[in-house]
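Here's the structure we're looking at; comments come further down.
The structure presented is a predicted model; accordingly, all values stated were derived computationally and were not measured. For reference, positions follow the sequence shown, starting with 1. As a basis for the values below, the full set of heavy atoms in this structure was taken, side chains included, without hydrogen atoms, waters or symmetry mates. Counting convention: from 1, in listed order, for ligands and their atoms alike.
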Amino acid sequence: MQQDIFTMGVDIGSSASKCIIMKNGDTIVAKSLASVGAGTSGPEKAINEVLHQFGGDLSQISWICATGYGRNSLKEANKEVSELSCHAKGAHFLFPGVKTVIDIGGQDVKALHMDGTGRLLNFVMNDKCAAGTGRFLDVMSRVLETKISDLAQEGAKSTKKVTISSTCTVFSESEVISHLANNETIPDVINGIHRSVASRIAGLAKRVGVEAPVVMTGGVASNFEVVRYVSEELNVPIATSPLSQYNGAIGAAIYAFEAYHHQLEDDALTIGTLK
Ligand code: ADP
């Protein structure tokens with residue numbers, strides 16, 4: 001009987017560190033998330049937590065792949081892989097046949113156009129401006145004194161359309177404060193924020209050419225109101241998964257499995273040549 005191979009994917013984002021351990025490149029056996037990212041203790045915390053869940057230690061992990069904004073900083077990694085490649089790989093694992101992936105993280109938005117077999121055809125990315133990213137929602141949730149995980153539920157209670165017209169996070173923050181000073185309700189203001197974020201995300205996605213099936217990944221995919229408004233703007237259903245925020249780490253763990261096998265093949269070739 002063949003021995004199981006365990007690999008780890010670590011996605012060190014701008015806002016959160018995500019870790020996945022996979023068995024044989026096709027089964028998730030442990031996952032962890034630390035809500036701080038690159039340049040913090042987040043990656044170490046996430047690795048310790050995922051190993052705890054796994055019930056083992058690093059010596060049992062055959063290969064580790066790092067991805068995300070802080071991927072260069074992980075000394076335990078055997079390999080670094082770009083975020084785009086990992087998100088494409090992860091999305092095809094979570095949603096086989098997917099053609100468009102909209103990933104909204106803490107600092108950037110990516111739209112990936114894929115061929116339905118896991119191959120990336122094209123992408124567009126915004127990493128220059130916070131509007132339309134998780135950071136925009138993080139800033140607003142602080143102003144509104146509402147937890148990021150409660151924004152969707154609160155926004156869904158809205159009964160009146162409030163518009164956030166500024167395209168800049170800093171000016172939008174002032175607009176939100178002024179709406180609150182004018183006695184607009186928190187749910188109505190949150191709803192305005194969600195529609196504003198969704199319209200920026202949809203605008204970026206349109207540039208890559210949206211083709212169904214469409215999925216949303218990244219932390220913001222947990223906000224069902226943002227997903228709903230992007231879906232309405234693009235006029236296409238959008239699928240999400242409870243594992244959406246782990247998408248990059250899942251892709252990295254699969255890359256780790258493939259890299260481990262390539263290395264075995266290379267070793268076998270070298271031994272064959274030496275013989
Ligand atoms: P990164 O990889 O850049 O660190 P993530 O994909 O981990 O980004 O997403 C982080 C963002 O997700 C945060 O900035 C926050 O806005 C959003 N987020 C995190 N948790 C939740 C949640 N429970 N509900 C809604 N949004 C969330």
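- With respect to the salt-bridge test (charged N to carboxylate O, under 4.0 angstrom), the residues Lys160 and Glu184 qualify.
- The protein heavy-atom contact nearest to atom 25 (C) of ligand 1 is Ile148 O, 3.7 Å.
- Using modelled atom types and a 3.5 Å distance limit, the side chains of Thr67 and Asp11 yield no donor-acceptor pair.
- Against a heavy-atom cut-off of under 4.0 Å, Ala16 is close to the following atoms of ligand 1: 4 (O), 7 (O).
- Closest to atom 23 (N) of ligand 1 among all protein heavy atoms lies Ser149 CB, 3.5 Å.
- Asn182 pairs by the side chain to side chain contact (heavy atoms under 4.5 Å, CB included) definition with Ser178, not counting sequence neighbours.
- Side chain to side chain, Asn191 and Tyr229 meet the donor-acceptor criterion of an N or O pair below 3.5 Å.
- The cationic atom of Lys18 (NZ for Lys, CZ for Arg) does not lie both less than 6.0 Å from the six-membered ring centre of Tyr246 and within 45° of the ring axis.
- Residue contact check: Gly134 has heavy atoms under 4.0 Å from atoms 14 (O), 16 (O) of ligand 1.
- Considering both main-chain and side-chain atoms, Ser15 comes within under 3.5 Å of ligand 1 through a nitrogen or oxygen pair.
- In this structure, the protein non-hydrogen atom closest to atom 6 (O) of ligand 1 is Gly219 N, 2.9 Å.
- The closest protein non-hydrogen atom to atom 24 (N) of ligand 1 is Ser222 CB, 3.5 Å.
- Among all protein heavy atoms, the one lying closest to atom 19 (C) of ligand 1 is Gln245 NE2, 4.1 Å.
- Using a 4.0 Å cut-off between charged side-chain N and carboxylate O, Lys157 and Glu154 make a salt bridge.
- Within the 4.5 Å cutoff, side-chain heavy atoms of His194 are placed close to those of Asn223.
- Residue contact check: Gly13 has heavy atoms under 4.0 Å from atoms 1 (P), 2 (O), 4 (O) of ligand 1.
- The closest approach between a heavy atom of Ser14 and any atom of ligand 1 is below 4.0 Å.
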What pairs of donor and acceptor atoms, side-chain ones from residues 87-94 against any protein atom, are under 3.5 angstrom apart with sequence neighbours left out?
from	atom 1	to	atom 2	distance (Å)
His87	ND1	Asp103	OD1	3.4
His87	ND1	Asn247	ND2	3.1
Lys89	NZ	Glu258	OE1	3.1
Lys89	NZ	Glu258	OE2	3.0

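- Counting only distance, with no hydrogens or angles, the side chain of Asp4 and the backbone of Lys23 share no donor-acceptor pair below 3.5 Å.
- In the candidate list Lys18, Lys147, Gln107, Lys18 is nearest to atom 1 (P) of ligand 1, counting heavy atoms.
- Closest protein heavy atom to atom 16 (O) of ligand 1: Asp138 OD1, 2.7 Å.
- Set against the non-hydrogen atoms of Gly105, the atoms of ligand 1 under 4.0 Å away are 3 (O), 5 (P), 6 (O), 8 (O), 9 (O).
- Each of the atoms 6 (O) of ligand 1 lies under 4.0 Å from some heavy atom of Gly218.
- For atom 10 (C) of ligand 1, the closest non-hydrogen atom of the protein is Gly106 N, 3.7 Å.
- Ser85 and Ser82 form a side-chain donor-acceptor contact under 3.5 Å, judged by distance and modelled atom types alone.
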